[in-house]
Every structure is written in structure tokens, then in C-alpha cells.
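Reviewing the structure listed below.
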Amino acid sequence: MKYWLMKTEPDVFSIDDLKNHPQKTSPWEGVRNYQARNFMRDEMKKGDKVLIYHSNCKPPGVAGIAEVCKESYPDHFAWDKKSKYYDAKCDPQNPRWFMVDVKFKKMFKSTVSLSELKEVKALESMLILRKGNRLSITPVTKKEFEIIEKMGD
DNA sequence: GCCAACGTTGGC
DNA sequence: GCCAACGTTGGC
């Protein structure tokens, strides 16, 4: 089993939105970055654990936990002209973008903020803490996941 | 709102 | 294939 961190802007889609979805699941649509796509398409498996990270908000940080409940399939929003994730260069016969579905697991009592994460020595190699990192999906180690989960409880 | 860091685009 | 210009991300 693998561990991941997925960023989302809570104004657009928050962990509360995930919790309130039918069956508490949702497709993770709209990823338009090849590296992040490759993680979803090739490496994310059912049952993998996911830290849900809220970005572009106060405070930024990990808000809770989800898990992968459906493995990759084409992101059909790419050819939905009404979607804000529409990509004119995409051909449904040859999908370019993929997504997985995630299921809500739990909300932290309070968000484990970015500044708190930065204070933990054992987390210093996390990609999310690197300056200028913009990748919206990053792998995390089991240890990192467990430390953050404990911080949130 | 600012701006540094990054990914993508497109001319050459 | 290089790289400048551009658009986006995201913390502050």
C-alpha cells in the first residue's frame, strides 16, 4: 500500500465537500499536470491512503485523510465543453488525462498547518515542504503519513 | 495583492 | 532541441 498527499483549494473542493458527497466519494478531476497524472494513472491503487491538503487558504495544511476507492480512468471532464477543466486538445478516443476516485476517511480535529509541518524534523524531506513545489499529488512515506495522522488526532 | 518558482508553449 | 515568454501556483 502506498501513501500520497493531494492538494486542493478548499474554495474549489474541500475535504468537507468530499465528506458531503454521496457515499463520501468523489472523482479527483481536473489534474492537468503530467507528473501528477502519471501518479494517478500508474501508481495509485485501491486502498492507498491520502492526506488531503488544503492550499491557498488560511492556514494551508493537511485537513484530513481519504483513500483511493477507484483506480484510474479517463478524466472525461477534459472533453466536456461545459467543464472548467475542458481541454480542447483532448480526444476521447485517446484520453490524455486520468483520475482516480477518493473516499473520505476522516477529518482532523484541526488542520495540521504547513508551519507545524515545517517544525518537524522527520518531515523535512517531504516534497510539499520544498520551496516552490507545485506538484498537486506527491508520494509520502508510511512514516510521514503516520506522523501527520498522529498530529491531527 | 505580490512575486518567486515552476511547467508549458512556440518560434527559431 | 533550445530557451524566452507566458500563465499558473500558492505561501506570504
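- Along DNA chain C, the stretch of nucleotides lying under 4.0 Å from any heavy atom of chain A spans, 5' to 3', dG7(C) to dC12(C).
- Judged as a salt bridge (Lys or Arg N to Asp or Glu O under 4.0 Å), not a single pair has a partner in residues 8-18 of chain A (not counting sequence neighbours).
- Residue contacts for L114(A): at a heavy-atom cut-off of 4.0 Å it reaches the sugar-phosphate backbone alone, with no base atom in range.
- Pairs passing the salt bridge (Lys or Arg N to Asp or Glu O under 4.0 Å) check and including a residue from residues 107-118 of chain A, sequence neighbours excluded, do not occur.
- Counting only residues at least two apart or on different chains, the ring pair (Phe, Tyr, Trp, His ring centres under 6.0 Å) pairs with a member in residues 34-69 of chain A are W4(A)-F39(A), Y34(A)-W97(A).
- K118(A) comes within contact range of the sugar-phosphate backbone alone, with a heavy-atom separation under 4.0 Å but no base atom that close.
- Remark: K121(A) pairs with E124(A) by the side-chain contact (heavy atoms from CB on, under 4.5 Å) rule, at least two apart or across chains.
- Along DNA chain B, the nucleotide nearest N133(A) and the nucleotide nearest K89(A) are compared for position; the residue whose nucleotide lies closer to the 5' end is N133(A).
- Taking the side-chain hydrogen bond (donor to acceptor under 3.5 Å, both in side chains) definition, one finds that E67(A) meets it with nothing, sequence neighbours left out.
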